[in-house]
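Read the structure below first, then the notes.
Computed from a prediction, not measured in an experiment: that's the story for all the values here.
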Amino acid sequence: MKNMIGFFLLIILLTFLSHSLLPEEGMWPISEIHKLDLQSKGLEIDLKEIYNPEGLSLIYAVVNVGATGSFVSPDGLILTNHHVAYGSVQAASTKEKDYIKHGFLARDRSEEIPAKGRTARITESYRDVSKEVLSVVKKRMSFVERTKAIEKKMKEIVKKTEQKNPGKRAEVAEMFPGKTYVLFIFTFLRDLRLVYVPPRSIGEFGGDVDNWMWPRHTGDFSFMRAYVAPDGSPAEYSPKNVPFHPKKYLKIASGGANEEDFVFMLGYPGRTYRHRTSHYLAFEEEIRMPFVVDWYGWQISVMQKMGEKDRGVALKHLSRIKGLSNTMKNYQGKLTGLKRLQLTAKRQEEEKALREFIGKDKERKAKYGDILERVGKIYEQIREQAEYELVLDYIRRSVNMIYFGYTVYEAAVELQKDDLERESAYMERNFPQTKRRLELTLRNYYEPTDKMIMKEILMRAANLPQKHRIPAVDDIVKGGKPEEAIDGFIEKAYAETELDELGVLIDSMTKSSQKLKEMNDPFLKLAKALYPTYQKLKETQEARKGALDELYALLIDVKKQFLKKDFIPDANRTLRLTFGRIRGYDPADAVYYNPITTLDGVIEKTTGVEPFDTPQKIFDLYKAKDFGRFMHPELKSVPVCILYNMDTTGGNSGSPVLNGRGELVGINFDRAWEATINDYAWSEKYSRSIAVDIRYVLWVTQKYGGVDFLLKEMNVFK
């Protein structure tokens with residue numbers, strides 16, 4: 001009997017321990033991590049070492065570089081993903097210096113080159129400003145007025161904060177739509193430089209074939225360095241600038257991590273949509289994502305074909321292809337996940353239970369009774385003109401020359417307004433970056449490709465139903481056959497425009513409307529014709545946002561009552577923490593994926609043909625078993641990638657994967673195919689994310705790249 005009691009006690013203890021080892025759903029705002037008992041799960045440091053508003057902590061080592069990166073030395077060395085630095089590497093590449101293909105290495109700091117288009121933000125502080133933001137909302141406001149008033153108030157808070165904190169950057173982030181807002185203050189660094197980038201055959205090994213897949217064998221890492229003026233203040237690039245000295249930098253755990261080790265992550269995840277209704281999920285599944293997958297796939301095929309015989313043309317398209325391919329495959333995974341999990345139907349069941357809860361109380365029914373129905377009616381309107389809005393949106397986004405012309409025309413309109421009344425891109429604080437984006441886009445502009453994309457999107461616009469016509473497109477095609485009219489317009493417009501010249505383009509950004517009219521440029525004329533249509537669409541979308549924000553704020557309130565718990569706000573590119581364990585999973589019947597891949601797998605996958613074309617030197621090192629101190633003692637090889645059950649999404653690319661002591665063991669870069677659904681739902685069963693193992697980063701850097709000095713700078717040899 002005693003043995004039986006002991007047996008049952010053991011079972012209870014093991015059950016308790018297994019549950020205590022499970023992660024929890026959520027990308028936790030830094031302000032909320034005090035609610036977590038991470039020590040019981042494996043954290044060996046105090047929470048204040050992660051975030052301490054009154055002292056130094058790990059958050060000062062984590063930096064937003066478009067995605068996420070980490071300071072790994074006292075001299076501003078940043079470790080992030082190869083694909084995060086990709087655009088800057090491509091911008092620096094030429095036929096003669098193909099840094100994408102061959103990689104880049106600065107043997108000393110004088111050889112480090114600008115990471116064009118790249119800036120860095122370090123979170124310094126935050127505070128809740130919800131009351132201040134919502135103070136401008138009045139009862140009798142229209143939804144458009146409500147949205148505009150909130151946006152203007154957020155801009156006022158940002159401007160006032162930046163005036164009080166010279167050299168800093170501020171941002172008001174909407175945490176719960178229409179409900180809570182937080183002001184963040186950042187150190188903003190504008191001079192980032194490339195230090196070491198491995199060749200594409202390592203940093204992008206597997207390419208689109210392996211993207212969003214496990215097992216993975218990609219060395220997705222790059223090193224950059226942040227610079228400041230000699231006095232320590234943030235500054236634009238200058239040869240006189242000096243390395244930035246971060247308040248905190250990460251220690252490297254050169255021994256890496258092992259299966260079931262506790263790990264956590266700090267980073268800047270993008271957008272998640274877990275608090276949205278079934279109406280939103282159905283719209284994404286049935287309309288928006290299928291449209292984007294189709295449109296991106298068409299563009300990718302065109303750009304790939306255009307670059308087949310000319311590496312110079314291919315280089316212009318590489319970054320754009322990579323971005324479109326990543327989104328397209330992500331959406332394909334989400335669509336598969338939505339169907340497999342029947343997530344929309346499950347959300348509908350949850351809403352049915354919520355309706356029943358609301359209906360049981362007279363006061364609740366009066367306040368919340370029609371929320372879901374009102375949301376549903378808004379989505380009926382969105383569905384009704386979805387194709388029109390999507391085509392209109394991508395006319396401006398996909399065609400470079402239309403993007404140039406519209407940006408120039410809109411700048412002339414916006415610069416006439418007071419700074420706080422302008423669209424964000426044209427405010428004084430953002431205008432230099434807007435011009436820089438134009439410059440980078442023009443650098444990769446290739447006219448034949450742009451013409452083909454313009455023709456396709458205008459043909460799609462010309463085929464829209466009569467009630468959803470775009471007047472500017474109708475003006476092009478009227479009085480003739482659409483294809484012939486569009487062909488004629490395109491040939492004439494591209495022959496006559498001067499906006500494809502950098503000097504003209506940038507100079508035009510500060511010209512008045514009258515001066516632009518005198519230029520008589522066809523793409524400026526087209527922009528002027530499109531402008532009223534885009535303004536009308538903007539008003540419509542602002543009205544929807546105002547209505548939905550009000551409804552979602554109420555929905556969160558009643559869901560808290562129903563579920564008797566608080567919620568973590570959806571990710572919104574603000575600093576978050578997530579945690580879990582190095583752990584495999586079983587994606588299908590009789591299939592189990594181990595959580596660590598090795599160099600053996602790189603060799604096995606190599607075919608000699610892109611994207612599985614490993615450099616010969618890697619083969620030589622492998623054959624010689626020259627693994628140095630980075631060999632896994634049990635696997636007898638160099639670990640390449642690790643898998644874990646943390647809650648991540650886009651924007652977590654480059655996030656540091658940290659062990660229980662707060663030391664760097666990996667760099668997050670992807671999710672498994674089943675986890676593409678993370679934006680809408682998370683599960684311990686299928687949500688797995690992927691990092692390049694720090695041991696592979698160090699091994700490639702030292703043994704393949706011969707860059708010992710970076711390991712010394714990171715104190716690895718200590």
Checklist entry - Given S233 and D231, is the side-chain hydrogen bond (donor to acceptor under 3.5 Å, both in side chains) satisfied, shown in steps? => result CA-CA 6 Å; S233 62; D231 64 0; 2.6 Å; yes
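- A distance of 7.5 Å separates CG of N430 from CZ of R437, quoted to the nearest 0.5 Å.
- Note that CD of Q332 and OG of S325 are 9.5 Å apart. Values are rounded to the nearest 0.5 Å.
- A salt bridge is defined here as a Lys NZ or Arg NE, NH1 or NH2 lying under 4.0 Å from an Asp or Glu carboxylate O, and R429 with E171 fails to meet this definition.
- Between R288 and E284, at least one side-chain nitrogen of the basic residue sits less than 4.0 Å from a carboxylate oxygen of the acidic one, meeting the salt-bridge criterion.
- A salt bridge links K95 with D310; the closest basic N to acidic carboxylate O contact falls under 4.0 Å.
- A salt bridge links D679 with K334: the distance from a Lys NZ or Arg NE/NH1/NH2 to an Asp or Glu carboxylate oxygen falls below 4.0 Å.
- Counting non-hydrogen atoms of neighbouring residues, nucleotides and ligands closer than 6.0 angstrom, the NZ atom of K528 reaches no more than 12 such neighbours.
- Ring-centre distance between F523 and F404: not below the 6.0 Å cut-off.
- Shown are R383, R544, R396; of these, the salt bridge (charged side-chain N to carboxylate O under 4.0 Å, His left out) with E389 is made only by R544.
- Taking the centre of each ring, Y534 and Y406 come in below the 6.0 Å mark.
- Between E496 and K525 there is no salt bridge, since no side-chain nitrogen of the basic residue lies less than 4.0 Å from a carboxylate oxygen of the acidic one.
- Considering CG of D191 and CG of N241, their distance stands at 5.0 Å, rounded to 0.5 Å.
- Scored by the side chain to side chain contact (heavy atoms under 4.5 Å, CB included) test, K160 finds K164 as partners (sequence neighbours excluded).
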Checklist entry - Hey, mind stepping through K451 and E456 against salt bridge (charged side-chain N to carboxylate O under 4.0 Å, His left out) and telling me if it holds? => result CA-CA 9 Å; K451 283 181 174 179; E456 177 65 19; over 6 Å; no
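- Within the structure, the ring pair (Phe, Tyr, Trp, His ring centres under 6.0 Å) test picks out the following pairs touching residues 423-467 (sequence neighbours left out): H317-Y446.
- The CE atom of M328 lies 10.0 Å from the CG atom of D294; values are rounded to the nearest 0.5 Å.
- Between E439 and K435, none of the side-chain N atoms (NZ, or NE/NH1/NH2) sits under 4.0 Å from a carboxylate O, so this pair counts as no salt bridge.
- Of the charged side-chain nitrogens involved, none lies within less than 4.0 Å of a carboxylate oxygen, so that R146 and E542 do not count as a salt-bridged pair.
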Next on the checklist: For V391 and F291: C-alpha separation, side-chain torsions, deciding distance, then whether side chain to side chain contact (heavy atoms under 4.5 Å, CB included) applies.
Outcome noted: CA-CA 9 Å; V391 168; F291 178 95; 4.1 Å; yes
Next on the checklist: Run E387 and L464 through side chain to side chain contact (heavy atoms under 4.5 Å, CB included) and show every step you take.
Outcome noted: CA-CA 8 Å; E387 186 181 9; L464 288 170; 3.7 Å; yes
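- D98 has a carboxylate O that lies under 4.0 Å from a charged side-chain N of R311, or vice versa, which qualifies the two as a salt bridge.
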Item to check | Chi angles and distances behind the side-chain hydrogen bond (donor to acceptor under 3.5 Å, both in side chains) call for Y388, R469 | outcome: CA-CA 8 Å; Y388 160 78; R469 308 297 295 176; over 6 Å; no
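- Using the six-membered ring where Trp is involved, H82 and Y86 have ring planes that are perpendicular, over 60° apart on the 30 and 60° scheme.
- Checked for salt-bridge contact, R200 and D613 meet the test: a charged N lies under 4.0 Å from a carboxylate O.
- Note on ring orientation: taking the six-membered ring where Trp is involved, the planes of F223 and F221 are perpendicular (angle over 60°, cut-offs 30° and 60°).
- A donor atom on one side chain and an acceptor atom on the other are not found under 3.5 Å apart for T218 and D220.
- In this structure, K545 pairs ionically with D549, as a charged nitrogen and a carboxylate oxygen lie closer than 4.0 Å.
- Within a 6.0 Å radius of NZ in K538, other residues, nucleotides and ligands contribute more than 12 heavy atoms.
- Listed here is the closest heavy atom pair of S238 and R193: O-NH2, 2.9 Å.
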Next on the checklist: D521 vs T497, test: side-chain hydrogen bond (donor to acceptor under 3.5 Å, both in side chains). Steps then yes/no.
Outcome noted: CA-CA 5 Å; D521 190 280; T497 189; 2.8 Å; yes
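- Taking 4.0 Å as the cut-off between side-chain N and carboxylate O, E162 and K168 do not count as a salt-bridged pair.
- The local environment of NZ in K101 is sparse, with at most 12 non-hydrogen atoms from other residues, nucleotides or ligands closer than 6.0 Å.
- In terms of heavy-atom proximity, D500 sits nearest to L442 at O-CD1, 3.6 Å.
- Taking the ring pair (Phe, Tyr, Trp, His ring centres under 6.0 Å) definition, one finds that Y403 meets it with nothing, sequence neighbours left out.
- Here the CD1-CG distance, from I300 to D208, works out to 7.0 Å after rounding to the nearest 0.5 Å.
- No more than 12 heavy-atom neighbours from other residues, nucleotides or ligands sit within 6.0 angstrom of NZ on K536.
- The two residues I476 and L526 make their nearest non-hydrogen contact at CD1-CD1, 4.1 Å.
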Checklist entry - Run the ring-ring contact (aromatic ring centres under 6.0 Å, His included) check on F244 and F71 step by step: do they pass? => result CA-CA 10 Å; F244 172 70; F71 288 116; 5.5 Å; yes
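- Checked options V477, I486, D487; the residue passing with M459 is I486 (criterion: side chain to side chain contact (heavy atoms under 4.5 Å, CB included)).
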Next on the checklist: Show, in sequence, the C-alpha distance, side-chain angles and deciding distance for R422 and D418, and conclude whether the salt bridge (charged side-chain N to carboxylate O under 4.0 Å, His left out) test is met.
Outcome noted: CA-CA 7 Å; R422 298 175 190 171; D418 291 338; over 6 Å; no
